[in-house]
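Counting starts at 1 for both ligands and their atoms, following the listed order.
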Amino acid sequence: MIRGQVSMRRIYFDNNATTPVLPEIFEVMRPFFTEQFGNASSIHQDGQQARAAVERARELVAKLIGARTSEVVFTSGGTEGDNLALFGMVKAGDHVITSTIEHEAILNACKRLEQNGCEVTYVPVDGRCLVNPDDVRRALRPNTKLITVMMANNETGVLQPMAEIGRIAAEADVYFHTDAVQAAGKVPIDVNGIGCDLMSISGHKMNAPKGVGAFYVRKGTLVQPLFYGGKHERSRRAGTENVPGIVALGKAAEFARDGFANGAVERIRELRDRLESTVTSTIEATGVNGDGGPRVPNTANLFFDYIEGEALVIALDLKGIAASTGAACSSGATEPSHVLTAMGLPPERARGSMRFSLGKQTTADEIEYFLSVLPETLARLRELSPVYAGQAK
Ligand SMILES: Cc1ncc(COP(=O)(O)O)c(C=O)c1O
């Protein structure tokens with residue numbers, strides 16, 4: 001406990017920022033720190049034990065996304081996968097198509113590519129946070145090398161039309177990458193159904209630890225590596241494998257697949273829907289951002305007019321509830337979210353929005369506690385708002 005802090009029940013509704021490593025996943029990775037600590041490239045038994053564990057994890061990750069095991073490359077996480085897709089595929093003079101609502105891992109890498117002499121088109125989204133595949137088609141140029149559009153948005157949870165974009169990419173003979181960091185474990189994924197050539201996944205968004213991820217590379221797709229070193233990961237990603245992390249990611253992939261079959265994911269959807277419908281039906285001037293499109297089941301992005309989202313984050317934190325105003329890396333900044341702005345929300349509404357992202361550990365009790373403390377917390381903030389005093393019914 002932080003000195004001076006009173007012990008209080010904590011409720012974590014920020015699973016799109018990161019998730020806890022679930023106990024059953026932690027137990028599977030634990031021996032790879034202390035007993036089976038071999039280097040997966042060593043030929044002795046300790047090394048071979050580590051190698052077998054890495055390959056087993058590769059099979060489990062491949063199964064989660066409908067890939068062949070040889071198409072899965074282990075990385076350090078989503079940011080690395082996104083950078084690998086862009087810097088590994090695109091060179092000066094090439095054109096890239098992406099969207100305005102991508103994570104900074106894509107947007108800032110694209111900015112860098114532009115400085116390197118590449119052209120980038122940022123297709124817009126509509127009020128539902130959806131990319132129009134026709135905009136992608138219209139953006140194609142003779143020198144288009146790569147289309148990269150995220151599968152699920154981290155702020156709204158909205159799922160993009162992957163299969164349509166995949167078809168456009170295939171027809172145009174252009175590579176297609178998707179950042180599936182916020183989709184993996186939340187919706188079933190099939191790389192062949194989507195028709196993507198490259199895909200990024202991150203462990204810490206799906207109950208594995210931080211610092212591990214997977215990158216899907218369709219057979220026959222040549223990606224230049226980001227790092228030069230040993231021949232790890234079939235020369236596609238140099239660096240000694242993070243064996244405990246990889247083992248955990250494999251277990252998390254298995255756990256995620258089970259979650260689709262055993263109702264765990266559906267349970268999260270029911271909790272999210274209860275949270276959203278109760279808030280929007282009982283508290284005035286609230287609503288759901290992005291509810292017109294298909295969404296991952298764990299994410300609720302709500303607007304609360306007449307308040308600053310940051311103020312509500314702090315007020316709820318004092319009540320023991322952790323949530324956020326959007327991408328974790330932009331919290332603390334006063335700029336309204338680039339995603340909500342791209343959807344056409346006025347800046348005041350974007351600033352008064354908050355993201356509640358549930359996880360496998362979320363309970364119905366936690367939702368009820370949140371619903372019991374929200375009205376008075378919000379009312380207090382609204383009382384302090386000069387705009388609210390003038391406009392409330
Ligand atoms: C959509 C998306 N892409 C990429 C990332 C970066 O992943 P990582 O934290 O594993 O580098 C995140 C993390 O917030 C994300 O939400």
For this session: Using a strict cut-off of under 4.0 Å between a residue heavy atom and any atom of ligand 1, list the qualifying protein residues by chain and number.
Result: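 Residue list for ligand 1: Gly77, Gly78, Thr79, Asp82, His103, Met150, Asn154, Asp179, Val181, Gln182, Ser202, His204, Lys205.
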Problem set entry | Those residues that, when tested against Phe304, pass ring-ring contact (aromatic ring centres under 6.0 Å, His included) (two or more places apart) |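 Testing Phe304 for ring-ring contact (aromatic ring centres under 6.0 Å, His included), a comparison that skips the adjacent residues, returns none.
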For this session: Using a strict cut-off of less than 4.0 Å between a Lys/Arg side-chain nitrogen and an Asp/Glu carboxylate oxygen, indicate whether Glu270 and Arg267 qualify as a salt bridge.
Result: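 Between Arg267 and Glu270 there is no salt bridge, as every charged N stays at least 4.0 Å from the carboxylate O atoms.
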Problem set entry | Centroid-centroid under 6.0 Å between Phe370 and Phe356 rings |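 Yes, the ring centres sit under 6.0 Å apart.
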Problem set entry | Residues which pass salt bridge (Lys or Arg N to Asp or Glu O under 4.0 Å) with Lys210, listed by chain and number, not counting sequence neighbours |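 With sequence neighbours excluded, Lys210 shows a salt bridge (Lys or Arg N to Asp or Glu O under 4.0 Å) to no residue whatsoever.
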Exercise. Who pairs with Glu24 by side-chain hydrogen bond (donor to acceptor under 3.5 Å, both in side chains), at least two apart in sequence or on another chain?
Worked result: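 Partners of Glu24 by the side-chain hydrogen bond (donor to acceptor under 3.5 Å, both in side chains) criterion come out as none, since no residue qualifies.
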Problem set entry | Within-4.5 Å side-chain heavy-atom neighbours: Tyr12 and Gln361 |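 Yes, close enough: below the 4.5 Å cut-off.
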